[in-house]
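Report on the structure given below.
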Amino acid sequence: MEGLNTTVQIAGGFVLKNPVMVASGTFGYGLEFAGLMDISLLGAVVVKGLSLRPREGNPPPRIIETPAGLINAIGLQNIGVERFLKDKLPEIKRLGATVVANIFGESIDEYSEVARLLSGAEGVSAIEINISCPNVKKGGLRFGQDPASAREVVEAVRKSTELPIITKLSPDAPDLKAMVEAVESAGTDAISLINTIPAMAIDVERRRPVLSTMTGGLSGPAIKPIALRLVWQVAGFAKVPVIGMGGIMTGRDALEFIIAGACAIQVGTLNLVEPDGALRVIREMEAYMHKKGIRSIGELTGSLVLPER
Amino acid sequence: MEGLNTTVQIAGGFVLKNPVMVASGTFGYGLEFAGLMDISLLGAVVVKGLSLRPREGNPPPRIIETPAGLINAIGLQNIGVERFLKDKLPEIKRLGATVVANIFGESIDEYSEVARLLSGAEGVSAIEINISCPNVKKGGLRFGQDPASAREVVEAVRKSTELPIITKLSPDAPDLKAMVEAVESAGTDAISLINTIPAMAIDVERRRPVLSTMTGGLSGPAIKPIALRLVWQVAGFAKVPVIGMGGIMTGRDALEFIIAGACAIQVGTLNLVEPDGALRVIREMEAYMHKKGIRSIGELTGSLVLPER
Amino acid sequence: MTTISITETVEVISNIAISPGYHRITLGWTPLEVRPGQFVMLKTSPTMDPLLRRPFAIYNIHDDGTEILYRVVGRGTALLSRLKRGDRLDVLGPLGKGFELPEDRETIMVAGGMGIVPFYMVAKELLKMGKTTQLIYGVRREEELILADDIIGLGTEAHLVVEERDNMLPTDILEEMTIGDRRVLACGPGGMLKKVASLCEARGAECMVSVETSMACGMGVCMGCAVKTTDGYRMVCADGPVFDAKELGWKG
Amino acid sequence: MTTISITETVEVISNIAISPGYHRITLGWTPLEVRPGQFVMLKTSPTMDPLLRRPFAIYNIHDDGTEILYRVVGRGTALLSRLKRGDRLDVLGPLGKGFELPEDRETIMVAGGMGIVPFYMVAKELLKMGKTTQLIYGVRREEELILADDIIGLGTEAHLVVEERDNMLPTDILEEMTIGDRRVLACGPGGMLKKVASLCEARGAECMVSVETSMACGMGVCMGCAVKTTDGYRMVCADGPVFDAKELGWKG
Ligand SMILES: Cc1cc2nc3c(=O)[nH]c(=O)nc-3n(C[C@H](O)[C@H](O)[C@H](O)COP(=O)(O)OP(=O)(O)OC[C@H]3O[C@@H](n4cnc5c(N)ncnc54)[C@H](O)[C@@H]3O)c2cc1C
Ligand SMILES: Cc1cc2nc3c(=O)[nH]c(=O)nc-3n(C[C@H](O)[C@H](O)[C@H](O)COP(=O)(O)OP(=O)(O)OC[C@H]3O[C@@H](n4cnc5c(N)ncnc54)[C@H](O)[C@@H]3O)c2cc1C
Ligand SMILES: Cc1cc2nc3c(=O)[nH]c(=O)nc-3n(C[C@H](O)[C@H](O)[C@H](O)COP(=O)(O)O)c2cc1C
Ligand SMILES: Cc1cc2nc3c(=O)[nH]c(=O)nc-3n(C[C@H](O)[C@H](O)[C@H](O)COP(=O)(O)O)c2cc1C
Ligand code: FES
Ligand code: FES
C-alpha cells in the first residue's frame with residue numbers, strides 16, 4: 001500500500017520488508033510454495049530446522065489434530081545443513097526470499113558447527129537458534145529450560161558467526177526472565193517465541209498415545225491466547241527485539257502480538273492450512289494501518305494502552 | 001447401565017457414584033441447573049470458589065472467547081462461605097448432590113478459617129483448595145507456584161478439617177513434581193489439575209487488553225492437549241489420587257484423562273455451553289465401558305499402554 | 001425467574017434476509033411462557049469454534065415457533081445466516097428477566113438499531129393489557145427502518161429517526177417530549193441508554209434499560225456478564241438484561 | 001510433480017448421498033491436468049475447528065467439475081455432507097503423484113472399501129491407452145458395491161466380493177488368479193495392501209499401493225504424513241500416495 005512503511009530492522013543489516021515471517025517447520029525449504037505464491041513478498045522465510053547431519057525424524061504417527069490446534073512430533077526430520085546449502089538455498093534466493101536458517105544440534109559443538117557452515121554461505125540473513133526442541137537434552141534438561149546451558153549454546157553460536165542471531169524460546173521454561181537475560185548476555189540479537197507447547201493425545205480405542213513419541217508440541221489458534229500473554233511478558237523485560245508467534249491466523253492476530261510488544265511475527269500452522277495465508281495476513285495488517293492512519297509499523301510495536309486501575 | 005461399576009473412592013469416606021464432577025466456577029452453586037437436569041446423577045458438584053467474606057470480583061469485561069477456548073477473569077466473585085452454608089448448601093443437599101467445596105483465601109489463616117466453617121456444616125463431602133488463583137499472592141509469588149507456601153496452605157487446612165482435601169494445582173507451576181511432593185507431605189488426600197492457563201487477548205481497535213485485568217485464565221477444548229499431558233505427567237509421580245480436567249467435552253475426552261492416570265475428572269467450560277453436558281459425558285463413558293466389556297472404571301485408570309521403543 | 005424450558009436441538013423453519021445484513025430466523029419451538037425482553041442462547045456452530053453460544057432477544061413467539069431477528073456482525077452470526085430450512089439448531093432459553101410492564105401507567109419505548117427487537121413483544125403485551133404506548137426508534141441507515149414495520153403494524157405511534165438522514169438521535173426526540181409519569185423502556189447502544197437514563201433522571205421518570213454484555217453461560221453461573229450496579233456487580237443474563245437505570249448508577 | 005492448480009474457494013455443484021453414509025460431491029472446478037490417484041485437500045469448515053484440511057482422492061473430472069466420493073467417518077466428513085448446492089468450499093490440489101500406468105503391460109486393480117475411488121480414473125485412462133484391466137473389489141456390506149458401478153459401466157471386468165455375504169476377501173480372489181507379468185495396483189485398508197504386496201512379492205509381480213496417513217499440509221512441508229520406506233521416511237502426500245510396495249519394505 002502506498003506510503004506505508006512496513007519495514008522492520010531487527011539487527012544491523014537484518015531488515016525485513018514487512019513484519020510477517022513464516023515459521024520454521026511449516027514452510028519446508030520455501031520451494032514447495034513457489035508455485036502457489038510469490039515468496040519474495042514475505043518478511044522472511046524461516047526454513048525447517050537444520051542439523052549438522054540429515055535426520056530421519058520420529059516414527060509415525062507424527063501429527064494429530066486437536067480443537068483449533070495441531071500436535072506434532074516430527075522430530076526435526078531434515079536434509080542436513082550441507083544439502084540445504086547446495087540444493088535449496090540458491091533456489092530460494094533466486095526466488096527473491098529473505099532467508100532465516102533455523103538450527104539445532106545435539107551438542108553445543110554441533111550448534112556452532114551448523115552456524116559456521118551457514119555463515120560461510122551467501123544468502124542467509126539470520127540464524128534462529130532452536131533451543132526448545134524436545135529431542136535435544138543436556139544432563140536431562142533441555143537447553144531451552146535451563147538458562148545456563150542456553151547461554152552456552154548462544155555463546156558458542158555467537159563465536160562462530162557474524163550473522164544476526166535470533167534465539168527461539170520454549171514456552172515452558174520455568175523462568176523465562178532468567179532465560180532472556182542469559183541469552184541476551186550471550187549476545188543474541190533478538191528473541192523469538194513461542195515454540196510449540198508440550199501436549200498429548202490418547203487413542204481411547206487402543207488405550208495408547210496417538211503419537212509415537214507419547215507427547216508432542218501443540219501449535220495453532222488454540223495456543224494464541226497463551227502465546228500472546230508470554231510475548232507480552234517477555235517484551236516487558238527483554239532488551240533485544242522480540243519476534244512473536246503462536247496461532248496467528250489473521251492480520252488482527254498479528255497486530256495483537258505487535259501491539260503487545262513484538263517487532264515482527266511469524267505464522268506457522270496457518271501455512272499448512274492456507275498456503276498463501278501469510279500474504280493475506282500482510283494485506284490485512286496493511287489495511288488496518290491504512291484505516292487507522294498509521295504510517296509506520298514501528299508506531300504500533302508495544303503500543304498497548306494499559307487500563308487505569 | 002446394568003452391571004457397570006462406576007464408583008470411585010477418592011479418600012476414606014469420599015466416594016463418587018461416577019468419576020464425572022462439574023468444575024468450580026462453571027456450575028454456580030449447583031442450583032442454577034436444577035430446573036434443567038438431575039444434579040444428583042453427577043459424580044460431584046464442585047461449587048464456585050468460596051472465600052471467608054463475600055467478594056465483588058473484577059470489573060468487566062471479564063470474559064472473551066478464543067478459538068475453541070474461553071479466557072476468564074472473574075476474580076472469584078462469590079457470596080462468601082457463611083451465606084453459602086445458610087442459603088445454598090441445604091438446597092443442593094436436598095436435591096441429592098454430592099458437594100465439594102472449592103475454597104481460597106488471601107492468607108493462610110483465611111484458608112483454614114473457611115475450611116473450619118465448612119467442616120462444621122452437614123453435607124460437604126470434600127474440600128478442594130484452589131492455590132492457583134491469580135489474585136492470591138504471598139511475597140509476590142502465588143501459592144500455586146511455590147511449593148513451600150503451598151505446603152503451608154495445605155497444612156493449615158489439614159489442621160482445621162477432618163474432611164478429605166483435594167489440592168488443585170496450577171498448570172504454570174515451575175516445578176510440578178516439587179509441588180506435588182509438598183502438598184502430599186502436607187496431607188492432601190488428592191490432587192486436581194489443571195486450573196486455567198494464563199492467557200491474554202488484545203482489542204486491536206482500541207489497542208487495549210480486552211480484559212480489565214490484562215490477563216486471565218484460558219479454559220475449554222483448546223487446552224485439552226496440554227491438560228492431558230500435565231495430568232499424565234503428574235499421575236506418573238503422584239502418590240495420591242489425581243483428578244484430571246481441562247477442556248473435556250465428550251466421554252472420549254474424559255476417558256483420555258482416566259487412561260492417562262486420573263481416577264476421576266471434572267468438566268468445566270462444557271457446562272457453560274451445554275448445561276447438561278456432564279450427564280452426556282457420563283453416558284458416553286458408560287457406553288464405552290459397555291462396548292469394551294469393562295465392568296469397573298478402576299480397570300481403566302492409568303491403563304495407558306506405552307509404545308515399544 | 002421463569003424456568004428455562006429448553007436446551008434442545010430444534011428445527012429451523014425459515015431463515016431469511018429481511019434487509020442486507022439483517023435476518024429473521026424462525027425456530028420450530030414455542031416456549032410455554034415468555035416475557036418480553038427475555039432472550040435465548042443459540043449455538044451457532046456444531047463444532048468447537050465458535051465455542052460459546054450467542055445471546056439473542058426473542059422477537060416473537062407464535063404457535064408455529066419462535067422468531068429471532070439478528071444482524072450479522074461476526075463469525076457466529078455469519079454462521080447463523082447460513083442455516084437453511086430443515087437444519088437443526090441448539091437453543092437454550094428463555095433466559096433472563098425481561099421487562100416488567102406496569103399495570104398502573106403508560107410507557108414510552110426508546111430503541112436504537114437492533115435494540116428494537118424486544119419491543120415487538122412489549123408492544124403486543126401492552127396492547128393486550130389495554131395500555132397505549134409510543135415508540136421512538138433510531139437507526140443509522142434508512143434500510144434499518146424495516147425492523148419497526150411489525151410494531152407500527154400493531155398501531156403503535158412511532159417516531160422514526162434516521163441518523164444519516166435527519167442528523168438526529170432518538171434521544172433528541174425524547175428530550176422534546178413530555179414524559180409525565182410514563183415509564184420509559186429502552187434498548188440499544190450503551191451511549192443511547194445512558195442518555196435516556198439521564199433524561200429520565202432529570203425529569204424524575206422511571207426508566208428501565210435492557211443492557212448488553214458478552215456472555216458465556218446465559219444462566220448466571222459463570223459470572224462473566226457482570227455489570228456494575230449500586231449493589232455491586234450483578235449478572236446481565238440472570239439479573240437482567242433489563243435493569244432499573246437507577247440501579248446502574250447512571251446519573252445525569 | 002504436477003503443479004498445484006488451486007488453493008481457492010469453489011462452488012458446490014451438487015452433494016448427494018449415493019448410499020447411506022456415502023456421498024458424492026461435485027465441485028465447480030476443473031483442474032487442467034490430473035493423474036489418477038492424485039488427491040485434493042478440502043477445508044471442511046470455514047471456522048478453526050476442524051482446523052486442518054482433509055485429503056480425498058479425485059474420483060472423476062469432467063468439463064463441469066470435479067467429483068469426490070466420500071464416506072462420513074468423523075467430524076470433517078459430517079460437515080462436508082451438510083454442504084448444499086451453491087455453498088462454497090476451499091480446495092487445494094491436485095496433490096501427490098498418483099499412479100504411474102504402464103505402457104508395456106496389463107494391470108490388475110485391487111480395491112477395498114473407499115479404496116475404489118482412484119480406480120475410476122485409472123480405468124478410464126487405461127481404456128484410453130487401449131489397455132485392458134481387471135478389478136477385484138471387496139466391500140464389507142452389499143450396499144457399498146454401488147461404488148463400483150461406474151467402473152463396471154466402462155466395461156471393466158470385475159470380481160466383486162462382499163465380506164459379510166461371501167465370507168471372502170479381495171485378496172482371496174487375487175490369490176487364485178494368474179498375475180503373470182501384469183502390474184497390480186492396489187488401494188484400500190492397510191491390512192489388505194500388505195497382503196496384496198506379499199502375494200505379488202511371492203509371484204515376482206510389480207505392485208503399486210496407494211497408502212493413507214493423517215495429513216496436515218498435503219504439500220510435503222510439515223513432514224507429518226511420514227511412511228517408513230527402504231530409503232528412510234518419505235511423505236505420503238508429496239512422494240506418494242502411491243508407492244512401489246517394495247519401497248515400503250512390505251515383504252511376505
Ligand atoms: C441480552 C442480549 C440480547 C441480544 N439480542 C440481539 C438480537 O436480538 N439481535 C441481534 O442481532 N443481536 C443481539 N444481541 C447481540 C448479539 O448477541 C451479538 O451480535 C452476537 O453475539 C455477535 O456474535 P458474532 O459471533 O457474530 O460476533 P463476534 O465474532 O463475537 O463479534 C464480532 C463483533 O461484534 C461485536 N460484538 C460481540 N458481541 C456483541 C454484543 N453482545 N453486542 C454488540 N456487539 C457485539 C464484537 O465486539 C465484534 O466487534 C444481543 C446481545 C445480548 C447480550
Ligand atoms: C490420500 C488420501 C486419499 C483419501 N481419499 C478418500 C476418498 O476418496 N474418500 C474418502 O471417503 N476418504 C478418503 N480418504 C480418507 C479421508 O481423508 C478421511 O476419511 C477423512 O480425513 C476423515 O475426516 P473426518 O474429519 O470425517 O474424520 P476424523 O474426525 O478426523 O476421524 C474420524 C475417524 O476416522 C478415522 N480416520 C481419520 N483419518 C482417516 C483416514 N485418513 N483414513 C481412514 N480413517 C481415518 C479416525 O481414526 C477416526 O476414527 C483419503 C485419505 C488420504 C490420506
Ligand atoms: C509441523 C511443525 C513443525 C515444526 N518444526 C519446527 C522446527 O523445525 N524448528 C522450530 O524452531 N520450530 C518448529 N515448529 C514450531 C513453529 O515454528 C512455531 O514456533 C509454532 O508452531 C507456533 O506457531 P503457530 O501456532 O503459528 O504454528 C514446528 C511447528 C509445526 C506445526
Ligand atoms: C468462568 C470460570 C470460572 C472459574 N472459577 C473457578 C473457581 O472459582 N475456582 C477454581 O478452582 N477454578 C475455577 N475455574 C477453573 C475451572 O474449575 C477449571 O479448572 C478450568 O476451567 C479447566 O477446565 P475446563 O477447560 O473444563 O473449563 C473457573 C473456570 C471458568 C471458565
Ligand atoms: S453469562 Fe454466565 S453469568 Fe451471565
Ligand atoms: S501432510 Fe504435510 S508433509 Fe505430508
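Worth saying up front: this structure is predicted, and the values here are computed from it rather than measured. Below, chains carry the letters A, B, ... as their sequence lines are ordered, and counting in each starts from 1.
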(message) If I measure from the heavy atoms of chain B, does C/Ser214 come under 4.5 Å with its side chain, its backbone, both, or neither?
(response) both

(message) Between B/Asn271 and chain C, with a heavy-atom cut-off of 4.5 Å, which part of the residue counts as in contact: side chain, backbone, both or neither?
(response) neither

(message) Would you say the rings of C/Tyr22 and C/Tyr70 are close, in the sense that their centroids are separated by under 6.0 Å?
(response) no

(request) Could you check B/Val99, B/Asp87, B/Leu89, B/Asn78 and say which one makes a side-chain contact (heavy atoms from CB on, under 4.5 Å) with B/Tyr29? (result) B/Asn78

(message) Within residues 185-194 of chain C, which residues come under 4.5 Å of chain B, heavy atom to heavy atom?
(response) none

(message) At a heavy-atom distance under 4.5 Å, which candidate from C/Thr213, C/Val221, C/Asp49 has the highest pair count against chain B?
(response) C/Val221

(message) Holding to side chain to side chain donor-acceptor pair (under 3.5 Å), I want the full list of residues that pass it with B/Lys86, two or more places apart in sequence or in another chain.
(response) none

(request) Would you mind listing every ring-ring contact (aromatic ring centres under 6.0 Å, His included) that reaches into residues 202-232 of chain B, with sequence neighbours excluded? (result) none

(message) Quick check for you: to the nearest 0.5 Å, what is the distance between C/Cys217 atom SG and C/Leu92 atom CG?
(response) 9.0 Å

(message) Tell me whether the count of non-hydrogen atoms from other residues, nucleotides or ligands lying under 6.0 Å of CZ in C/Arg85 goes above 12.
(response) no

Can you give the donor-acceptor pairs under 3.5 Å from side chains of residues 52-60 of chain C to other protein atoms, not counting sequence neighbours?
unit_1: C/Arg53; atom_1: NE; unit_2: B/Val273; atom_2: O; d: 2.5
unit_1: C/Arg53; atom_1: NH1; unit_2: C/Met41; atom_2: O; d: 3.3
unit_1: C/Arg53; atom_1: NH2; unit_2: B/Val273; atom_2: O; d: 3.0
unit_1: C/Arg53; atom_1: NH2; unit_2: C/Asp90; atom_2: OD2; d: 2.7
unit_1: C/Arg54; atom_1: NH1; unit_2: B/Glu65; atom_2: OE1; d: 3.3
unit_1: C/Arg54; atom_1: NH1; unit_2: B/Glu65; atom_2: OE2; d: 3.1
unit_1: C/Arg54; atom_1: NH1; unit_2: C/Leu52; atom_2: O; d: 3.1
unit_1: C/Arg54; atom_1: NH2; unit_2: B/Glu65; atom_2: OE1; d: 2.8
unit_1: C/Tyr59; atom_1: OH; unit_2: C/Asp150; atom_2: OD2; d: 2.6
unit_1: C/Asn60; atom_1: OD1; unit_2: C/Lys124; atom_2: NZ; d: 2.8

(message) For chain C, which candidate among B/Lys48, B/Met37, B/Gln77 shows the most heavy-atom pairs at distances under 4.5 Å?
(response) B/Gln77

(message) Does the Lys NZ or Arg CZ of B/Arg283 fall within the cation-pi geometry relative to B/Tyr288 - under 6.0 Å from the ring centre and within 45° of the axis?
(response) no

(request) Can you tell which part of B/Pro61 gets under 4.5 Å to a heavy atom of chain C, answering side chain, backbone, both or neither? (result) neither

